[in-house]
> 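I'd like to ask some things about the structure below.
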Amino acid sequence: MNLLLVDGESDNIKNFRAHIRGAYPSVRIVGHFSEIAGNLIKAVRDLKPDVILSDIRFFGGLYFVRFKEIHEEFPDIKFIMYGTFNESDYMKRGRDFGVLDFMYRPVKPGDLNRCMEFAISQHKKTVESRRVARNMEKDYQQRIFQYEEIFLRSLLNGDIDKEREVRNGFEYFEIPFGTEFSVFIVRIDHYKRVALALSELEKHMKIISILSVVRGVTREHKARSFIRGFHEIPIIINAAFTTEEKVLLGDRLKHAIFDKTGMRCTIGIGRTYAAPMEIAISAREADAAFGYRYRMGYHAVIPIEFVEPDNNITFRYPHAREARLVYSAVVGDYEYCKGLLSELFNALAQSGPMPENLVAKIVMTIVFRISRYISEQNLPFASEVARYFPTADILRLTTIDDGYQFMDKSLKDFCTFIGKYHMKDSLRLHIAAKRHIQEHYFENFSIARIAVKLGTTPETLNKVFMEREKVMLFDYVMWVRVQEAQKHLTESATEEDIIAVQVGFDDVKYFRSIFKKYVGETPAEHRARSRE
């Protein structure tokens with residue numbers, strides 16, 4: 001630890017130097033400063049102390065200004081101050097500017113030792129935290145490519161749904177951010193058969209060598225690529241390409257991969273989009289293109305424009321949101337359903353004109369999934385789905401607005417019904433829990449054990465008791481135990497420690513503290529009062 005001594009009196013500096021050198025040889029005194037009109041900032045900059053030991057009087061009436069100047073330029077430097085008892089409030093306020101501790105004049109060796117030991121311990125913590133931070137930063141720099149892959153993977157999966165977040169990611173990882181994007185997916189043909197002839201090391205080396213070829217061929221196109229599996233490499237092409245240009249690039253890729261690695265690959269290509277948020281759509285299209293290998297052939301380049309030229313809906317439709325909508329409907333969360341429903345129908349509106357009967361089919365699919373999920377959970381209201389989502393009304397839906405209005409009203413009514421059902425179920429659970437507690441209150445308390453026996457979760461149990469008893473389950477159990485203890489105290493002469501065990505407490509002191517908390521008096525006081 002480097003220490004700078006600051007005092008206008010040379011005797012003080014001499015005494016501090018002698019004591020610290022004798023008692024703390026590991027502390028390096030880098031110098032002293034005693035010029036009241038001198039440039040302390042320059043001295044600190046030159047000497048680089050970790051701690052400054054200073055007389056508060058040295059700074060005069062503007063000591064806060066001087067503290068602040070030093071602290072703002074050197075925020076890691078700490079102070080040990082000393083002054084008179086009347087100056088203690090000022091020294092305490094200095095904690096905002098890096099003051100670790102303070103002493104009173106005349107400074108006693110014991111006080112100086114206390115402050116020095118505290119400063120040394122704090123310095124060690126600072127050094128260790130810096131070391132950890134440096135190691136973390138070094139580790140991060142070594143792994144930054146992995147974080148870039150996580151970002152790209154999330155982008156392709158559609159997990160990032162904010163354009164600002166996408167742009168921030170591109171900027172952070174220094175990915176060129178152009179105006180149009182296409183996704184290529186390179187997939188090894190007949191991989192399951194190929195993998196049987198390869199060792200684990202060979203599988204790793206094959207996909208790494210293919211990645212090297214891909215990056216070499218696509219470097220000029222501002223592309224980003226990464227390994228998504230032992231058999232697959234997605235590529236984000238950041239360039240304005242026509243379908244013909246994408247096919248030509250795909251041909252170059254597959255031939256280069258075969259020439260340099262001997263592996264035959266098929267390449268699926270999504271459409272080109274202008275918005276970065278639509279990269280995930282292009283990725284879904286590229287993935288879907290592989291479904292046509294039986295017709296287009298293996299070791300081929302398959303753009304989605306060739307095989308599904310008119311499909312602008314399937315890959316834009318947020319299927320994950322639909323799944324969340326289904327789950328939210330079954331638990332009765334209408335507000336969340338409403339937000340998800342808006343996302344679904346906004347995506348449909350952006351897809352262009354709807355083919356005939358498609359809106360009705362989409363709504364019917366959602367309703368069927370709700371019904372199926374209810375049946376899978378074996379819930380007793382499966383028959384209610386048809387009442388809240390009439391099939392005849394669904395079949396009459398023709399426009400996106402019609403579909404949205406129908407689903408919004410139906411979901412609202414259905415979620416209201418589910419809410420009432422859960423209220424009844426909550427009452428049933430409340431009664432069952434109270435009965436169980438009355439019969440087992442003397443056993444070792446475990447909310448998890450009670451929840452398992454009743455087929456629910458601890459969180460649900462606590463929620464039920466807060467709603468219906470205005471207390472947490474633990475408090476309810478304790479109150480039941482205290483009530484039973486009151487009966488024993490009033491109706492028998494049994495000793496307190498035995499009563500404690502009888503009502504579920506292993507420790508009689510804990511029993512007494514709980515009893516007083518809930519009753520307002522000790523067990524002995526309660527027994528005496530009840531007898532009077």
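Every value quoted in this text rests on a predicted model; they were computed, and no experiment measured them.
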> Can a salt bridge be assigned to the pair Lys125 and Glu128 using a cut-off of 4.0 Å between side-chain N and carboxylate O?
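Answer for the salt bridge query: no.
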
> Quick test of your reading of the model: are Asp11 and Lys14 salt-bridged, counting only N-O distances below 4.0 Å?
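Not counted as a salt bridge, because no side-chain N and carboxylate O are separated by less than 4.0 Å.
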
> Take Tyr373 and Tyr327 through the test ring-ring contact (aromatic ring centres under 6.0 Å, His included) and record every step on the way to the result.
CA-CA 8 Å; Tyr373 190 57; Tyr327 304 146; 4.9 Å; yes

> Evaluate Leu429 against Leu454 for side-chain contact (heavy atoms from CB on, under 4.5 Å), listing each step before the verdict.
CA-CA 7 Å; Leu429 183 62; Leu454 297 178; 4.0 Å; yes

> Applying salt bridge (Lys or Arg N to Asp or Glu O under 4.0 Å), name anything that partners Arg28, two or more places apart in sequence or on another chain.
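In terms of salt bridge (Lys or Arg N to Asp or Glu O under 4.0 Å), with neighbours along the sequence ignored, Arg28 is linked to no residue.
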
> Just to verify, what does Lys424 make a side chain to side chain donor-acceptor pair (under 3.5 Å) with, not counting sequence neighbours?
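Checked Lys424 against side chain to side chain donor-acceptor pair (under 3.5 Å); zero matches.
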
> For Arg321, give me all partners under side chain to side chain contact (heavy atoms under 4.5 Å, CB included), at least two apart in sequence or on another chain.
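If we apply the side chain to side chain contact (heavy atoms under 4.5 Å, CB included) test to Arg321, skipping adjacent residues, the hits are Asp161, Pro318, Arg324, Leu340, Glu343, Leu344.
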
> Would the Tyr273 and Phe181 ring centres measure less than 6.0 Å apart?
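They do not qualify: ring centres at least 6.0 Å apart.
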
> In terms of side-chain heavy atoms, does Ser212 have a donor or acceptor partner in Ser209 at a distance below 3.5 Å?
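The criterion, which ignores hydrogens and geometry beyond distance, is not satisfied for Ser209 and Ser212.
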
> Looking only at the side chains, is there a donor atom on one of Tyr82 and Asp111 sitting less than 3.5 Å from an acceptor on the other?
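No, Asp111 and Tyr82 have no side-chain donor paired with an acceptor closer than 3.5 Å.
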
> Rounded to the nearest 0.5 Å, how far does CG of Leu155 lie from CD1 of Ile150?
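Here the interatomic distance stands at 13.5 Å.
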
> With a distance cut-off below 6.0 Å to the six-membered ring centre and an angular limit of 45° from the axis, does Arg481 pair with Phe505 as a cation-pi contact?
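Flagged: Arg481 positioned over aromatic ring of Phe505.
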
> Can you tell me if Lys203 has over 12 outside heavy atoms packed within less than 6.0 Å of its NZ?
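It does: Lys203 NZ has more than 12 such atoms within range.
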
> Pairing donors with acceptors under 3.5 angstrom, does anything connect the side chains of His430 and Glu467?
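No, no side-chain donor-acceptor contact under 3.5 Å.
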
> Just by distance, no angles: are the side chains of Thr490 and Arg527 close enough, under 3.5 Å, to form a donor-acceptor pair?
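Result is no, nothing qualifies.
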
> So do Leu156 and Arg228 actually touch side chain to side chain, heavy atoms under 4.5 Å?
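Heavy-atom side-chain distance check passes, below 4.5 Å.
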
